[in-house]
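Letters A, B, ... mirror the listed sequences (proteins, then strands); counts begin at 1.
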Amino acid sequence: MTANLGGTAITSSHCGTGFFVLHQSMKGEKYEMSKPIENVEEVLRHTAAHIMAQAVLRLWPDAKVAIGPTIKNGFYYDFDLEHRFTPEDLERIEEEMERIVQEKLPIIREEITNEEAVELFSKLEQPYKLELLEELDDEVSIYRQGEFVDLCRGPHLDSTSKVRFFKLQSIAGAYWRGDSKRPMLQRIYGTAFSNKKALREHLRMLEEAAKRDHRIIGRDLDLFSIQEEGPGFPFFHPKGMVLRNALEDFWREEHRKRGYQEVKTPIMLHEDLWHRSGHWDNYRENMYFSEIDEQNFAIKPMNCPGGMLLYRRKLHSYRDLPIRMAEMGLVHRHELSGTLHGLMRVRCFTQDDAHIFMLPSQIQSEIEGVIDFVDSVYRDVFGFKYHVELSTKPENAIGDDAMWDKATDALREALDAKGLEYVVNEGDGAFYGPKIDFHLEDCLGRTWQCGTIQLDFAMPERFDLTYIDENDQRQRPVMIHRVIFGSLERFIAILIEHFAGAFPTWLAPVQVQIIPVSDDHLDYAEQVEKTLFDANIRVETDRRSEKMGKKIREAQLQQIPYMLIVGEKEKEAGVVSVRHRREGDLGTFKLEDFVQKITEEIASKRQ
RNA sequence: GCUGGCGUGGCUCAGCGGUAGAGCAGUCGAUUCGUAAUCGACAGGUCGAGGGUUCAAGUCCCUCCGCCAGCUCCA
C-alpha cells in the first residue's frame, strides 16, 4: 500500500489492520518499523511536531524541548523557556517551519545505546530528554533532520519536504508529565494534513464546533446564564426551564413505565452521615460545609447517603425487592475554578439519579435493565451513538478485594450477556464500587461521558442495610447507583451543541411563532394563538409592527420550528401559512390539520 | 488550583495618559408591509473591584474577582 503525501510517497507494506512504514536507515537500507500505525496522517503530524520543535530551537536556541506526540486531529510539542509565546510567535514559527520544509531535509533514524543518547542530549543541554532516557531501554532511536535531533521512537516521513499543509493553532500551559507538582511548560498545538482540502475542511469543522458553543447559543436563545456572583452555579431562564421540564417530564414517564418510584432527599445533611458513607475520607476536597446550631453539616455532593437513610426508614421483605428509587438530585461539588465550562462543568448540577436495592440474585437482570434503559434513551429518542467503558477498583477504594471482584465480575457478565463491546479503565471506578460508563457521541464526533451504572456492595454494609429473607433471616441487599442523562445541565449543553439550538419540536422552548403580516391581522393571529394554546402547543405571537421579513428572520434565528404567517389571505379563508425553520414555506394548512401535524410530531419526539 | 491571554452600556467592538464612542438590541414616534434585517428620535456606561503612580488614569503599576484556552480532575 502506498500513501501519496505530495510527491514522494512513504511506502508501507500492508499487514493486518494497520500497516508498516518503511524508513531509510543510515546505511541506506530499508528499515521496517515494528509499530503498526493506523493512519499515515499520524506519521505526518509526528514529523510536523519535530519540524515545529526545530523551528522553535532556531528562533530560541536556549529552549528546552519536552515531548511532542500526535493527538487526535493534530500534534503538540511542549517547551520550557523564559520567553512567553504570543500569538504573533506562532506566525514566526510557522514561517520558520515553512523554511525547514523548503530545505527538504532528509530525516534519518539512528539506533544508539542509551549511554550514547545520554551523552548526546547532555551536550545539547536537554534535561527533559535525559529524564526520559532514565526510563528507556538500553537501545534507543533518535531522528535527525538537518541540525535538529530528537529522541524518538518514530516512525517519521523521510523528508521535511513532505509536510506541506499544517497550521499552528494555540498556546497553552501543560505540566511536565501531566503532574501538577512539576514545572509548567508551554505547549503549542498544531495540525497537519496530507492535502490542502483536508486541512481546510478540518479548520472549517472547528469553526462549526465553535458556532455551536452552548454558551453562545444559550445566551442567544435566552436559555441560561452564569453570573459573576455565582461562578459555576447556572441560572435557568424561562425558555431554558421549558426545555429542562420537557426533559424531566420525559424522564418521569420513562421511569414510571420501568417500575421506579421517585423520591427527594435534602441538600444538606449532618456531617456524621458523610463520615459513615466514606465521603469524608474520600471526597471531602470536593464538598461544601456549613454550621447550624453549632453542628456541622455538609451540602451533598452525591445523593446516595440520603437514599440509604430512606431505605433504612423501615424493614424490608425480600418480596419488596428490587426497590428502584429515583431522584432528580441537586448536588454541589467544589470543582477547581479553572475547570468550569458553561453547563458542561459546573459546581451545582442535577443528577437524574437512581438507587436500586436488590437481592444478589437480581443483580444481573437489574444491570441489564439499566443498560436497555440507557440504550433506548440515547439511541431511540436522541439518535446518539455511544460507546461503553468499564472502570475498576481505584486507589482510594473502600471495601475488600473479594467484594470488588464480585462487583466487577457482575458488571462484566451483564455487558457480555448484552453482547456489548467495552474498553476497560483500570483504577477508574468510584470509591465505593466499579462502574460502567456510557460515552455518547455528538454530531461532530465528540464524546461525552453521561450515563453510568455503579455496583455497590460497600454502602449497604456501611449503613447496615438489611432485608428479611424467606427464612426470616436478616440479609444484606446489593445496590446499584445509576444515572441516564448524567447531569441534566451537561445533557442540556450536549443537546444544545448537537442540535445547534434547533431542538426537535418536543423540546423547543417555543414551538410555533405566529407572525401577523400587519397590525390589521392581530385579532386573527390571537384567535389562532388561542387554538394552539388550548391544544397545549407552546406558541407566541410577534405583535410588533415590524415588517414580516424581520419577524421571520428573528424567529429563524431563535430556531423556532414553525412560523405561522397570518395575513389578509389566511384571515379570509380561515387558514394559516406554515413556514418550517429548515424546509421553508410549506403552503397553507387548515388550522386543525396543522394542530394535528405538530401534535403528532411532538408525541413521536421526531427530530 | 497551575500557565498564558482577556474584562468599556443587554450583545459585538472602537478609544490605549488629557472632559466616555459606534452598530445591533431597548423605548417612543412614523410606517401597515406576503416568507431572513423600514425610517427617525430618545434613553442607556462610577470603563470588573480595591489600592497606587501622575497636575490628570478605560488608558501605567500592584492586589483581588470573573471570563477564555489548555493542564490536572470529573456528571
Side-chain angles (χ1 to χ4, degrees), chain A residues 76 78 80 84-87 89 169-189 210 213 215-216 219-220 222 225-232 283 285-286 301-303 329 331 333-353 391 428 430 435 437-439 448-452 454 481-491 493-494 515-522 544-558 563-570 577-581 583-587:
Chain A
Y76 67 78
D78 287 344
D80 190 0
R84 298 288 129 180
F85 291 131
T86 65
D89 289 339
Q169 295 168 294
S170 59
I171 308 155
Y175 298 112
W176 167 235
R177 316 209 93 177
D179 183 344
S180 59
K181 290 179 205 66
R182 312 217 43 185
M184 170 87 45
L185 309 173
Q186 297 187 74
R187 175 171 297 177
I188 301 180
Y189 285 94
D213 190 320
R215 294 165 299 183
I216 310 289
R219 187 192 61 212
D220 291 347
D222 200 16
S225 60
I226 296 173
Q227 313 280 337
E228 232 176 277
E229 289 79 354
Y283 210 73
E285 303 298 300
N286 287 297
M302 296 186 195
N303 303 301
V331 298
R333 298 182 183 176
H334 181 124
E335 302 293 349
L336 295 178
S337 60
T339 65
L340 302 178
H341 180 90
L343 291 183
M344 292 283 188
R345 200 68 197 291
V346 289
R347 282 178 170 159
C348 77
F349 57 98
T350 306
Q351 290 184 307
D352 63 317
D353 216 341
S391 297
D428 234 11
K435 56 180 185 164
D437 291 324
F438 295 83
H439 297 248
W448 305 96
Q449 195 204 309
C450 293
T452 158
Q454 306 171 348
H481 313 239
R482 55 106 275 203
V483 289
I484 309 276
F485 294 142
S487 114
L488 220 46
E489 287 75 6
R490 179 178 287 183
F491 199 77
I494 293 167
I515 298 178
V517 174
S518 82
D519 291 356
D520 297 339
H521 315 110
L522 271 175
R544 299 172 305 167
S545 47
E546 291 290 349
K547 291 175 76 169
M548 187 185 77
K550 180 164 188 170
K551 297 183 195 174
I552 289 175
R553 175 181 161 77
E554 289 180 10
Q556 285 283 155
L557 292 173
Q558 286 293 306
M563 285 151 268
L564 297 188
I565 318 293
V566 295
E568 207 51 41
K569 265 183 348 205
E570 290 77 11
S577 285
V578 179
R579 179 188 164 100
H580 184 265
R581 66 183 168 201
E583 289 150 40
D585 194 348
L586 300 182

Rounding to an integer number of angstrom, what distance separates [N] and [M] when you compare their [atom1] atoms?
{"N": "G17(B)", "M": "U12(B)", "atom1": "P", "answer": "26 Å"}
{"N": "U32(B)", "M": "C11(B)", "atom1": "C1'", "answer": "29 Å"}
{"N": "C47(B)", "M": "G21(B)", "atom1": "C1'", "answer": "12 Å"}
{"N": "C68(B)", "M": "G29(B)", "atom1": "P", "answer": "40 Å"}
{"N": "C33(B)", "M": "A43(B)", "atom1": "P", "answer": "32 Å"}
{"N": "G45(B)", "M": "U3(B)", "atom1": "C1'", "answer": "33 Å"}
{"N": "U19(B)", "M": "A56(B)", "atom1": "C1'", "answer": "11 Å"}
{"N": "A75(B)", "M": "U38(B)", "atom1": "C1'", "answer": "49 Å"}

Suppose we define a pair by two distances each less than 3.5 Å, Watson-Crick or G-U wobble; what does [N] pair with here?
{"N": "U19(B)", "value": "none"}
{"N": "A57(B)", "value": "none"}
{"N": "G44(B)", "value": "none"}
{"N": "U35(B)", "value": "none"}
{"N": "G9(B)", "value": "none"}

Within the 4.0 Å heavy-atom criterion, would you say [X] contacts the bases, only the backbone, or no part of the nucleic acid?
{"X": "G486(A)", "result": "sugar-phosphate"}
{"X": "K551(A)", "result": "nothing"}
{"X": "E489(A)", "result": "nothing"}
{"X": "T86(A)", "result": "nothing"}
{"X": "R84(A)", "result": "sugar-phosphate"}
{"X": "R579(A)", "result": "base"}
{"X": "H341(A)", "result": "sugar-phosphate"}
{"X": "L488(A)", "result": "nothing"}
{"X": "G567(A)", "result": "base"}
{"X": "S180(A)", "result": "nothing"}
{"X": "Q556(A)", "result": "base"}
{"X": "D520(A)", "result": "sugar-phosphate"}
{"X": "K181(A)", "result": "nothing"}
{"X": "R581(A)", "result": "nothing"}

Non-hydrogen side-chain atoms of R215(A) and H341(A) separated by less than 4.5 Å: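 Yes, their side chains come closer than 4.5 Å.
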Which of the following nucleotides, [options], is nearest to the side chain of [X]?
{"X": "E570(A)", "options": "C65(B), G34(B), A75(B)", "answer": "G34(B)"}
{"X": "L336(A)", "options": "U35(B), U72(B), A75(B)", "answer": "U72(B)"}
{"X": "Y175(A)", "options": "G34(B), G1(B), A75(B)", "answer": "G1(B)"}
{"X": "E228(A)", "options": "U32(B), G66(B), U35(B)", "answer": "G66(B)"}

Rounded off to whole Å, could you give me the [atom1]-to-[atom2] distance for the [X] and [N] pair?
{"X": "D78(A)", "N": "U72(B)", "atom1": "CG", "atom2": "C1'", "result": "14 Å"}
{"X": "Q169(A)", "N": "G4(B)", "atom1": "CD", "atom2": "C1'", "result": "17 Å"}
{"X": "D519(A)", "N": "U32(B)", "atom1": "CG", "atom2": "P", "result": "10 Å"}
{"X": "I188(A)", "N": "G70(B)", "atom1": "CD1", "atom2": "P", "result": "15 Å"}
{"X": "Y76(A)", "N": "A69(B)", "atom1": "OH", "atom2": "P", "result": "19 Å"}
{"X": "L340(A)", "N": "G66(B)", "atom1": "CG", "atom2": "P", "result": "9 Å"}
{"X": "W448(A)", "N": "C74(B)", "atom1": "CH2", "atom2": "P", "result": "17 Å"}
{"X": "D80(A)", "N": "C2(B)", "atom1": "CG", "atom2": "P", "result": "18 Å"}

Whichever of Q454(A) and M184(A) has its nearest RNA chain B nucleotide further upstream toward 5':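 The answer here is M184(A).
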Closest-nucleotide ordering on RNA chain B, the 5'-leading residue of S518(A) and D213(A):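 Closer to the 5' end of RNA chain B: S518(A).
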Quiz item: R187(A) side-chain donor-acceptor pair to C71(B) base, under 3.5 Å: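 Answer is no: no donor-acceptor pair is held.
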C71(B) base / R182(A) side chain donor-acceptor hit below 3.5 Å: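 Answer no: no donor N or O sits under 3.5 Å from an acceptor.
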Verify stack between F349(A) ring and A75(B) base, 5.5 Å, 30 degrees: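 Stacked: centres under 5.5 Å apart, planes under 30°.
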D520(A) backbone acceptor or donor facing S518(A) side chain under 3.5 Å: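 Here the side-chain-to-backbone pair exists.
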Residues E546(A) and R553(A) bridged, charged N to O under 4.0 Å: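 The answer is no: the pair does not qualify as a salt bridge.
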Between H334(A) and E285(A), a side-chain donor and acceptor under 3.5 Å: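 Note: H334(A) and E285(A) side chains miss the donor-acceptor criterion.
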Q556(A) and R579(A): side chain donor to acceptor below 3.5 Å: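 There is such a pair (donor and acceptor under 3.5 Å, judged by atom type) between the side chains of Q556(A) and R579(A).
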Dump the pairs, protein N or O against N or O of nucleotides 24-30 of chain B, anything under 3.5 Å, distances to one decimal.
| unit_1 | atom_1 | unit_2 | atom_2 | d |
| --- | --- | --- | --- | --- |
| A25(B) | OP1 | K550(A) | NZ | 3.0 |

Residue pair T339(A) / R345(A): nearest heavy atoms and the distance that separates them: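 Looks like O-CG, 3.1 Å.
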